[in-house]
Amino acid sequence: MASTTTGPLSFDLKGTDGRARRGRVTVPHGVIQTPAFMPVGTRATVKGLMPRDLKATGSEICLANTYHMDISPGPKIVKKMGGLHEFMGWDKPILTDSGGYQVFSLPKTQLDEEGVTFRFEKKGGKKVKLTPERSMQIQQDLGADIAMAFDVCVPYPCDYKNAQDAVYRTIRWLERCKEAHTRPDQALFGIVQGSSYADLRGLSAQLTMGIDLPGYAIGGLSVGEGHSIMMAMIDCTEPSMVKEKPRYLMGVGYPEDIVEAVARGVDMFDCVIPTRYARSGVAFARHGRFRVSNARYKTDKYPLDTNCSCYTCKNFTRAYLNHLINTNEILGSALMTLHNVTFYQDLMRTIRTAIEEKNFEKFRVSFLQEYLAEDK
Ligand SMILES: CNc1nc2c(CCNCc3ccccc3)c3nc(N)[nH]c(=O)c3cc2[nH]1
């Protein structure tokens with residue numbers, strides 16, 4: 001087993017099956033078995049789940065967001081309260097994003113070499129500037145185990161020149177992030193960009209690998225390009241990424257995206273899908289996803305997924321969840337979220353076992369066959 005330690009993060013590559021990898025990430029607050037799914041908790045909470053429930057899903061790490069935390073309550077308060085782990089009552093690993101991606105989705109943002117300026121409407125349209133240095137300061141105050149570099153994630157589609165400019169600016173900003181990042185117990189991850197251009201993906205990967213860091217993310221995907229371009233871009237990027245450090249595909253994704261990305265060498269994932277879809281009444285199961293709020297489930301006495309052993313599936317019927325979601329009851333969001341995140345974590349556990357047993361390809365084919373079957 002190859003083990004690589006860079007600062008506060010160690011990565012053990014325990015085995016491979018084709019390009020799929022079975023590993024383990026160790027950071028100050030604990031161990032993350034990979035391939036891993038990281039539930040998104042934007043404002044220091046995974047919406048609808050108490051930390052004890054989040055643990056029950058099998059989640060070993062959760063995410064919080066710099067941009068949202070900067071607005072409320074502000075990093076200085078979180079720091080004063082002992083940092084994110086103390087503040088949110090989560091003693092396992094945490095990862096924070098840099099805020100770049102979030103501000104790009106806001107209207108009227110302005111980008112220049114210094115950083116990104118955006119208007120924050122809640123403060124009476126006050127202009128706020130996020131820079132590599134400021135993003136590092138906020139993330140160091142928040143105190144997550146892993147911090148993300150401040151990058152430029154271009155929308156899709158994007159013309160070649162803008163995508164190329166974003167690749168070079170992201171590298172210049174990564175240098176500034178590394179310079180500004182001094183917290184010894186926090187790992188900084190670089191982010192590879194390049195939009196949907198194979199040559200820019202390879203260039204960005206090589207330039208990013210040239211900056212020694214504990215781990216690296218594949219950014220700029222899951223922005224509307226669709227599954228096949230996403231997979232093609234992973235194929236352009238992954239071969240240039242160092243094998244002995246973790247690879248994190250940002251913002252991905254549906255179960256079918258995750259399974260196919262694991263097959264291409266990705267170790268870590270994050271996505272709002274299981275939590276956001278739960279709140280809108282969409283449940284995930286082996287045979288695909290379905291909207292339990294649909295009238296056909298009004299008298300359905302079965303659990304969401306008969307294979308699932310989560311608290312929701314052990315105690316409640318689809319009929320009851322149909323009722324809760326259709327009456328907008330808080331319990332509906334909580335029970336659906338608990339199930340969906342458990343489904344994702346059970347999928348990751350099955351993936352890890354399949355890689356260990358060297359039958360990941362067989363698992364990939366059989367999972368996709370059942371999950372994507374038309375006769376839902
Ligand atoms: C959904 N598709 C997608 N998401 C992307 C993100 C955000 C990933 N989610 C992180 C998060 C963490 C805490 C709270 C909320 C979200 C990206 N982040 C960065 N920095 N760079 C990207 O290129 C980039 C690309 C993405 N595509």
Side-chain angles (χ1 to χ4, degrees), residues 40-45 47 63-81 83-84 87-88 94-144 146-159 161-183 186 188-195 204 217 219-224 250-251 270 272 276:
V40 166
T42 300
R43 293 188 186 80
T45 159
K47 291 180 179 9
L63 272 52
N65 192 280
T66 296
Y67 164 68
H68 298 88
M69 294 307 291
D70 185 28
I71 286 161
S72 168
K76 292 303 174 198
I77 287 179
V78 175
K79 182 175 183 177
K80 192 171 170 52
M81 302 312 290
L84 270 179
F87 193 55
M88 66 186 282
I94 298 175
L95 178 148
T96 45
D97 198 0
S98 52
Y101 177 80
Q102 281 72 29
V103 293
F104 279 112
S105 44
L106 296 179
K108 299 199 293 289
T109 56
Q110 281 141 357
L111 170 69
D112 58 32
E113 187 56 25
E114 179 64 17
V116 182
T117 307
F118 53 97
R119 282 184 192 292
F120 179 53
E121 65 288 342
K122 295 235 174 59
K123 285 182 182 168
K126 189 167 149 280
K127 285 170 73 165
V128 178
K129 184 148 214 171
L130 205 46
T131 65
E133 293 77 13
R134 174 111 181 81
S135 177
M136 293 302 107
Q137 184 56 56
I138 295 168
Q139 293 186 79
Q140 289 177 108
D141 285 347
L142 294 174
I146 301 172
M148 300 309 293
F150 191 65
D151 59 331
V152 183
C153 172
V154 295
Y156 178 83
C158 176
D159 64 72
K161 177 77 172 69
N162 283 331
Q164 185 181 46
D165 290 348
V167 164
Y168 286 114
R169 173 162 283 156
T170 295
I171 290 294
R172 292 194 298 273
W173 284 6
L174 178 55
E175 298 280 9
R176 286 169 54 188
C177 286
K178 188 172 182 183
E179 182 66 29
H181 192 270
T182 53
R183 187 164 172 159
Q186 183 176 76
L188 175 64
F189 275 22
I191 304 176
V192 176
Q193 293 293 345
S195 188
S204 177
L221 293 178
S222 190
V223 289
M250 304 192 82
D270 91 272
V272 295
R276 184 174 293 170

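This is a predicted model, so every value here is computed, not measured. The analysis underlying the following values was restricted to heavy atoms, covering all of them including side chains, and did not include hydrogens, waters or symmetry mates.
Between Ser135 and Trp173, the closest side-chain pair of non-hydrogen atoms is not below 4.5 Å. Side-chain contact between Pro75 and Met69 is absent, with no heavy-atom pair separated by less than 4.5 Å. The closest side-chain heavy-atom distance from Thr66 to Phe150 is not below 4.5 Å.
Atom NZ of Lys79 sits in a sparse spot, with 12 or fewer heavy atoms from other residues, nucleotides or ligands closer than 6.0 Å. In Arg276, the CZ atom is not crowded: 12 or fewer heavy atoms of neighbouring residues, nucleotides or ligands sit closer than 6.0 Å.
In this structure a side-chain-to-backbone donor-acceptor pair under 3.5 Å is missing from Glu114 to Thr131. Without hydrogens or angle criteria, Gln186 side chain to Gln139 main chain gives a donor-acceptor distance under 3.5 Å. Side chain of Thr109 to backbone of Phe118: no donor-acceptor contact under 3.5 angstrom is found. Ser105 places a side-chain N or O within donor-acceptor distance of the main-chain N or O of Gln102, the cut-off being under 3.5 Å.
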Side chains of residues 151-159: which donor-acceptor partners sit under 3.5 Å, not counting sequence neighbours?
unit_1: Asp151; atom_1: OD2; unit_2: Gln193; atom_2: NE2; d: 2.8
unit_1: Asp159; atom_1: OD1; unit_2: Lys161; atom_2: N; d: 3.2
unit_1: Asp159; atom_1: OD1; unit_2: Asn162; atom_2: N; d: 2.9
unit_1: Asp159; atom_1: OD2; unit_2: Asn162; atom_2: ND2; d: 2.7

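Every pair passing salt bridge (Lys or Arg N to Asp or Glu O under 4.0 Å) that includes a residue from residues 94-112 is listed here, sequence neighbours excluded: Asp112-Lys129.
Under the side-chain hydrogen bond (donor to acceptor under 3.5 Å, both in side chains) criterion, Gln164 pairs with no residue at all, not counting sequence neighbours.
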**Request:** I would like to know whether Ile94 and Leu142 meet side chain to side chain contact (heavy atoms under 4.5 Å, CB included); could you show each step before the answer?
**Result:** CA-CA 10 Å; Ile94 298 175; Leu142 294 174; over 6 Å; no
